[in-house]
**Student:** 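Take this structure, written in structure tokens, and hold onto it; I'll ask about it next.
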Amino acid sequence: MARELLARRGTVDIGPPDPARHAFFLDFDGTLVDIAARPSDVALDAGTTDLLRALKQASAGALSIVSGRPLDDIAALTAAIGSALVGTHGVEIRREDVRSAVSPKDQAVLDGVGRRLSELALTHGLLLEMKPGAVALHYRGRADLADLCQDAVAEAARDADLRILAGNMVCEAVLTGYDKGRAIKTLMAEAPFRGRIPLMIGDDITDEDGFRAAQSMGGTGVSIGRPESCARLVCPDRHWALDWLREGLARHA
């Protein structure tokens with residue numbers, strides 16, 4: 001069973017979650033879909049879509065996709081689910097018809113960082129992604145440029161007083177004061193999440209803030225394939241994590 005491959009961290013119940021008691025916070029890339037060469041080359045498969053719909057229904061709506069992607073991007077990819085959404089590593093939050101927005105002043109700072117990094121991206125054929133709240137330089141397929149890209153983003157971020165966030169073959173300059181953990185705490189203070197046990201599942205360094213937040217509120221983080229994570233549970237791959245969620249639905253139906 002999938003749960004049998006979850007590594008135990010401390011005194012943690014590794015049984016599959018109960019949708020009647022838990023709130024679900026799920027990363028997107030590397031968790032709900034496989035990592036692709038370009039962010040646009042992904043789509044939720046039918047089985048995962050059905051799982052997310054079932055989780056949303058069984059948890060009375062306490063399901064959120066927590067992504068580093070821009071909110072509009074993740075909204076289009078998960079339109080069939082209709083869950084609460086967190087975009088750009090916590091800068092953007094959408095629940096029902098309410099969504100956050102980046103101030104024109106902050107966006108101007110980000111635009112300046114984007115202009116500064118554009119020559120590097122153009123020279124090496126890299127993807128420079130402008131997000132509301134962040135600038136991301138992707139170097140997937142060019143591991144030889146990792147140090148160059150990370151140094152360039154770090155320097156630009158420091159000069160603009162932005163946070164540096166490194167992920168899977170991507171480095172970002174992000175507005176300070178935001179992260180996935182803060183977004184999870186914001187949603188946990190609201191219905192339908194309030195009063196539930198938070199469960200955060202993710203695969204990357206960028207999910208660590210989410211793991212810490214969930215665990216600080218009596219919940220659990222599940223790291224996919226990263227045993228060095230702060231998460232209390234670790235599983236080998238995203239398919240095991242999804243099967244674990246399915247087992248919870250079946251067991252507590």
Side-chain angles (χ1 to χ4, degrees), residues 16-36 39-102 131-134 178-204 206-207 210 213-214 217 219 221-222 224 238-239 241-250 252-253:
D18 180 356
R21 300 173 59 234
H22 284 85
F24 298 91
F25 299 95
L26 309 176
D27 174 47
F28 188 78
D29 293 280
T31 300
L32 299 180
V33 298
D34 289 326
I35 298 290
S40 58
D41 296 339
V42 300
L44 282 173
D45 62 39
T48 304
T49 297
D50 289 344
L51 169 62
L52 295 176
R53 285 173 170 166
L55 278 176
K56 180 185 174 185
Q57 181 176 1
S59 65
L63 170 71
S64 177
I65 311 302
V66 183
S67 177
R69 288 175 179 261
L71 189 58
D72 287 342
D73 188 359
I74 201 67
L77 288 164
T78 63
I81 313 304
S83 67
L85 299 174
V86 173
T88 317
H89 307 291
V91 176
E92 304 176 280
I93 304 178
R94 189 198 75 181
R95 58 279 212 207
E96 297 183 353
D97 296 328
V98 180
R99 63 178 291 170
S100 57
V102 176
K131 308 179 184 181
Y178 299 93
D179 57 55
K180 290 185 177 183
R182 175 178 169 176
I184 288 173
K185 288 182 177 180
T186 295
L187 290 176
M188 283 295 295
E190 306 171 358
F193 301 91
R194 187 189 301 116
R196 289 173 171 267
I197 303 169
L199 174 67
M200 169 69 190
I201 303 179
D203 73 305
D204 205 351
T206 58
D207 298 308
M217 293 182 283
V222 180
I224 298 173
R238 71 179 194 87
H239 301 290
L242 297 181
D243 284 345
W244 188 62
L245 293 176
R246 291 188 180 95
E247 186 178 348
L249 278 169
H252 299 287

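These numbers were taken from a predicted model, which means no experiment stands behind them.
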**Student:** Can you list everything that forms a salt bridge (charged side-chain N to carboxylate O under 4.0 Å, His left out) with D204? Sequence neighbours excluded, please.
**Tutor:**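 Here no residue qualifies.
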**Student:** Taking all non-hydrogen atoms of both residues, which atom of T88 and which atom of A134 are closest, and how far apart?
**Tutor:**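 Nearest pair, atom of T88 first, then A134: CG2-CB, 3.5 Å.
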**Student:** Would you give the length of the straight line joining atom CD1 of I65 to atom CZ of F25, rounded to the nearest 0.5 angstrom?
**Tutor:**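 The CD1 atom of I65 sits 10.5 Å away from the CZ atom of F25.
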**Student:** Give the minimum heavy-atom separation between R246 and T48, together with the two atoms involved.
**Tutor:**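 Reported closest heavy-atom pair: NH2-N, 4.0 Å.
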**Student:** Distance-only, no hydrogens or angles: does the R53 side chain make a donor-acceptor pair with backbone N or O of A80 under 3.5 Å?
**Tutor:**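 Side chain of R53 to backbone of A80, a donor-acceptor pair under 3.5 Å: yes, one is there.
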**Student:** On a heavy-atom basis, which atom in P17 and which in L199 lie closest, and how many Å separate them?
**Tutor:**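 P17 and L199 have their closest heavy atoms at CG-CD2, 3.8 Å.
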**Student:** If you measure from OG1 on T31 to CD1 on I224, what distance do you get to the nearest 0.5 Å?
**Tutor:**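 Rounded to the nearest 0.5 Å, the OG1-CD1 separation comes out at 4.0 Å.
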**Student:** State, yes or no, whether a side-chain contact exists between P70 and P132 at a heavy-atom distance under 4.5 Å.
**Tutor:**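 P70 vs P132: side chains touch.
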**Student:** Starting at CE of M217, measure out to CZ of R196 and round the result to the nearest 0.5 Å.
**Tutor:**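 One finds 14.0 Å between CE of M217 and CZ of R196.
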**Student:** Indicate yes or no for a side-chain donor-acceptor contact from R238 to the backbone of G30 under 3.5 Å, with no hydrogens or angles considered.
**Tutor:**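 Side chain of R238 to backbone of G30, a donor-acceptor pair under 3.5 Å: no, none is there.
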**Student:** Check the pair T78, F28 against side chain to side chain contact (heavy atoms under 4.5 Å, CB included), reporting the backbone distance first and the verdict last.
**Tutor:** CA-CA 10 Å; T78 63; F28 188 78; 3.9 Å; yes
**Student:** Out of curiosity, K131 NZ to D72 CG, how far, rounded to the nearest 0.5 Å?
**Tutor:**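 Taking NZ in K131 and CG in D72, the distance rounds to 13.0 Å.
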**Student:** For residues L77 and L44, determine if any side-chain heavy atom of one lies less than 4.5 Å from a side-chain heavy atom of the other.
**Tutor:**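 Result no, sub-4.5 Å side-chain heavy-atom pair not found.
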**Student:** Less than 4.5 Å apart, side chain to side chain, heavy atoms only: is that true for R21 and S59?
**Tutor:**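 Side-chain contact under 4.5 Å: no.
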**Student:** Run the side chain to side chain contact (heavy atoms under 4.5 Å, CB included) check on I35 and V42 step by step: do they pass?
**Tutor:** CA-CA 8 Å; I35 298 290; V42 300; over 6 Å; no
**Student:** Say you draw a straight line from CG of L85 to OG of S67; how long is it, rounded to the nearest 0.5 Å?
**Tutor:**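 Result: 9.0 Å between the selected atoms.
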**Student:** If you compare all heavy atoms of I81 against all heavy atoms of K56, which two are closest, and at what distance to 0.1 Å?
**Tutor:**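 Nearest heavy atoms, I81 then K56: O-NZ, 3.2 Å.
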**Student:** Taking all non-hydrogen atoms of both residues, which atom of H89 and which atom of G68 are closest, and how far apart?
**Tutor:**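 Heavy atoms of H89 and G68 come nearest at CE1-CA, 3.3 Å.
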**Student:** A58 and L249: which non-hydrogen atoms are nearest, and at how many Å?
**Tutor:**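 Scanning both residues, the minimum pair turns out to be CB-CD2, 3.7 Å.
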**Student:** For residues 183-193, run the donor-acceptor check on the side chains, cut-off 3.5 Å, and write out each pair with its distance to 0.1 Å, sequence neighbours left out.
**Tutor:**
{"residue": "T186", "atom": "OG1", "partner": "R182", "partner atom": "O", "Å": "3.0"}
{"residue": "E190", "atom": "OE1", "partner": "R95", "partner atom": "NE", "Å": "3.0"}
{"residue": "E190", "atom": "OE2", "partner": "R95", "partner atom": "NH2", "Å": "2.8"}

**Student:** Find out whether L55 and L245 are in side-chain contact, i.e. whether some heavy atom of one side chain is under 4.5 Å from a heavy atom of the other.
**Tutor:**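 They are in side-chain contact.
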**Student:** Just wondering, do K180 and D207 contact through their side chains at under 4.5 Å, heavy atoms?
**Tutor:**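 Yes, at least one pair of side-chain atoms sits under 4.5 Å.
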**Student:** With sequence neighbours excluded, tell me which residues meet salt bridge (charged side-chain N to carboxylate O under 4.0 Å, His left out) with D203.
**Tutor:**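 Scan of D203 (salt bridge (charged side-chain N to carboxylate O under 4.0 Å, His left out), adjacent residues dropped) gives none.
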**Student:** For the residue pair V66 and L26, establish whether any side-chain heavy-atom pair is separated by less than 4.5 Å.
**Tutor:**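 No. Closest side-chain heavy atoms not under 4.5 Å.
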**Student:** How about D179 and V91: do any of their side-chain heavy atoms sit closer than 4.5 Å?
**Tutor:**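 They are not in side-chain contact.
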**Student:** Give the C-alpha distance, both sets of side-chain angles, the deciding distance and a yes or no for side chain to side chain contact (heavy atoms under 4.5 Å, CB included) between E92 and V86.
**Tutor:** CA-CA 6 Å; E92 304 176 280; V86 173; over 6 Å; no
**Student:** To the nearest 0.5 angstrom, please state how far the OG1 atom of T49 sits from the CG atom of L52.
**Tutor:**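 Spacing of OG1 (T49) from CG (L52) equals 6.5 Å.
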**Student:** Please lay out, stage by stage, how Q57 and L63 fare under the test side chain to side chain contact (heavy atoms under 4.5 Å, CB included).
**Tutor:** CA-CA 9 Å; Q57 181 176 1; L63 170 71; over 6 Å; no
**Student:** Taking C-beta and beyond as the side chain, do H252 and P19 meet within less than 4.5 Å on heavy atoms?
**Tutor:**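 When only atoms from C-beta onward are counted, P19 and H252 do touch, with a gap below 4.5 Å.
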